[in-house]
Amino acid sequence: MPACCSWNDVCQYETNKVTRIQSMNYGTLKWFLHVIVFSYVSFALVTDKLYQRKEPVISSVHTKVKGVAEVKEEIVENGVRKVVGSIFDTADYTFPLQGNSFFVMTNFLKTEGQVQGLCPEYPTRRTLCSSDQGCRKGWMDPQSRGIQTGRCVVYKGSQKTCEVSAWCPTEAVEEAPRPALLASAENFTVLIKNNIDFPGHNYTTRNILPGLNISCTFHKTQDPQCPIFRLGDIFRQTGDNFSDVAVQGGIMGIEIYWDCNLDGWFHHCRPRYSFRRLDDKNVNESLYPGYNFRYAKYYKENNVEKRTLIKAFGIRFDILVFGTGGKFDLIQLIVYIGSSLSYFALATVFIDFLINTYSSNCCRLHIYPRCSKYCKPNEYYYRKKYESVVEPKRTLKYVSFVDEPHILMVDKQLLGKSLQDAKGQEIPRPPLDFTDLSRLPVSFLDPFPSPGDMAEMQPFSPGDAAEMQPFLKEAAARPKESPGWCQCGRCLPSRLSENRRCLEELCCRRKPGACITTSELFEKLVLSKPTLQFLLLYQEPLLALDPEATNSRLRRCAYRCYIAWRFGSQDLADFAILPSCCRWQIRKAFPKSGAQYGGFRSPY
Ligand code: GDP
Ligand code: ZN
Ligand code: ZN
């Protein structure tokens, strides 16, 4: 786009010019890809409801655990072991936790009748001692139950441990009872009340609707909407055994997923419950398996404060509520349509890829055995589609030898070497445009003389003939000073300065043979004064110049004519170099007074 200079520059519309390829194969392929893209886009639109504005759920949860369990405890009273049964109800085994969680105790270790005082620690590898040297006064081990007094005292029999100031007697380091004391907690039930809200859609609902039968129990298939869950069933769903988990405790996630469609005609907003074990299942592998914590019940006995310490093992249930609510939204629909339109470009990308890979390169490299079948049309499409542009550099030059089918592109400094010997890249000669020939001046279209008439051939107008006679004679003779690089015998040494000379050291041929200047067309196309005058007047109809300036114009026009003839394309014209023989023939035909010619200069 040109820089904006005026109002007209602003009021422009640019559009791409495209190439339409009339091909049955590619046309079918295009429609096939379009149909696939369209089907996918429509499918995703409907199944994922991409026409809706989605909003995350916000919620509140409330839980109630119900159930009673009988616990048989073994206690030692006055040296006699006996089993006592006690009843645990909701108040005993559930604890409200922060967030959407609740805890159900399934197992415990009790240390009863603790008072503040001095007593020996429970014997472990860290606390055993043999004398007072083994203990340190004031030392507090984070693993121990109290602060050491520095004395080593008898714990039981011959076992001695460090004395601590703590709640005495200190808690025993014991494994959790097996089977779990409250293993029957698997029959407990929990009622979950969940209220949700989509504030953006101004919609509120809850999982327990008015008509719901409250005496139900959740079942994945038979009663998936029941909000009352049996704890054992939850574990069965995740493939765990409740009585195993009950020993050490664990963490279980109850997921409530709300996928709500709030559009009037498909309204649906019911929760889906699922369960997931959230702690480490492999008890043996984890360092601290299960889930437990300690708490104490305090009381006073004979005005002494005492406590019962309980290490509670159990299951923490985390309730995770998530989901989205979607409602039709025109903007969402427009955004989706807009973004999916780009997928239709897939056909273009794919077919262009085919054209590029199956065009000439693959034939040249013989990648595909039967490549010509695919390549020929593709190469044609490729040529129609792409226009290659070479960087216009000062060093760029094109050379055309009459005995070679290609044009040579030389893109390097010559550094004293003649252009005739320079190496370069071969590029195909642009195809001949026959329509251009019809624009040749009328005089040129006169019938060609037969070989016998050659002597009478009058390439120039009668007025010029006398002037040109000496040149014709001279041109017929081979110059004696034809330099070493010349293959046609008609080139002349350059008269340019030392460093630019190599540019003009170029012959019309690669290998020895006849010179292009001896061709009949050279005279008709390049040297014919009426033709050149016609071309000059064609450009500037009222052109009238003095002879010196006219010669200069005619010479340049002759250069151009030669280049147009031998290089064919306007793109190459600025960088095309004339062979020495042609250059001097033209200079002789249209000389400059003083004969000081500037030679080729790169326009860039
Ligand atoms: P001048 O009249 O003194 O400049 O001498 P020339 O007859 O050598 O050049 C006339 C014009 O033709 C200049 O603008 C040159 O750049 C251009 N010219 C000369 N030689 C070549 C050539 O080999 N190829 C092209 N493309 N242009 C040339
Ligand atoms: Zn030559
Ligand atoms: Zn030549």
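Both counts, for ligands and for their atoms, begin at 1 and track the order of listing.
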Query raised in the report: By number and element, which atoms of ligand 1 are closer than 4.0 Å to a non-hydrogen atom of R601?
Result: 16 (O)
**Report entry** Sequence-distant partners of W31, side-chain contact (heavy atoms from CB on, under 4.5 Å), two or more places apart
**Finding:** H34
Report summary line: among protein heavy atoms, the one nearest atom 28 (C) of ligand 1 is F600 CD1, 3.7 Å
Query raised in the report: Does Q332 offer a backbone N or O that forms a donor-acceptor pair with the side chain of R53 under 3.5 Å?
Result: no
Query - ligand 1-proximal atoms of Y559, by part, heavy-atom distance under 4.0 Å - result: side chain
**Report entry** Subset of ligand 1 atoms that lie under 4.0 Å from at least one heavy atom of R555
**Finding:** 1 (P), 2 (O), 7 (O)
Query raised in the report: Who's closest to atom 13 (C) of ligand 1 heavy-atom-wise, of G598, P591, G599, P603?
Result: G599
Report task. Can you sort out the partners of K385 under side-chain contact (heavy atoms from CB on, under 4.5 Å), two or more places apart, ordered by chain and number? Result -> D352
Query raised in the report: Hey, does S552 sit under 4.0 Å from ligand 1 if you only count heavy atoms?
Result: no
**Report entry** N/O donor-acceptor pair under 3.5 Å between H201 side chain and L262 backbone
**Finding:** no
Report summary line: From the list L320, I319, V57, side chain to side chain contact (heavy atoms under 4.5 Å, CB included) with I256 holds only for I319
Report summary line: Of R556, R587, R495, R583, the residue with the heavy atom nearest atom 8 (O) of ligand 1 is R587
Query - Ring centre gap for Y559 and F600 strictly below 6.0 Å - result: no
Report task. State which residue, out of I427, L408, V410, fulfils the side chain to side chain contact (heavy atoms under 4.5 Å, CB included) condition with Y398. Result -> I427
Report summary line: Within 4.0 Å of some non-hydrogen atom of A576, the atoms of ligand 1 are 22 (C), 23 (O), 24 (N), 25 (C), 26 (N)
Query raised in the report: Would you find a donor on one side and an acceptor on the other, under 3.5 Å apart, between the side chain of K17 and the backbone of T15?
Result: no
Query raised in the report: Has the side chain of R510 got a donor or acceptor atom that lies under 3.5 Å from a matching backbone atom of D403?
Result: no
Query raised in the report: Short question: side chain of R555, backbone of F590 - any donor-acceptor pair under 3.5 Å?
Result: yes
Requested in this report: Less than 2.8 Å from the Zn ion (ligand 3) is the window; count the protein N, O or S atoms in it.
Outcome: 4
Report summary line: Near K592 (heavy-atom distance under 4.0 Å), the atoms of ligand 1 are 1 (P), 2 (O), 3 (O)
Requested in this report: With sequence neighbours excluded, tell me which residues meet side-chain contact (heavy atoms from CB on, under 4.5 Å) with T205.
Outcome: I196, Y203, L209, W258, C269, R270
Query raised in the report: Backbone, side chain, both or neither: what part of A573 comes under 4.0 angstrom of ligand 1, heavy atoms only?
Result: backbone
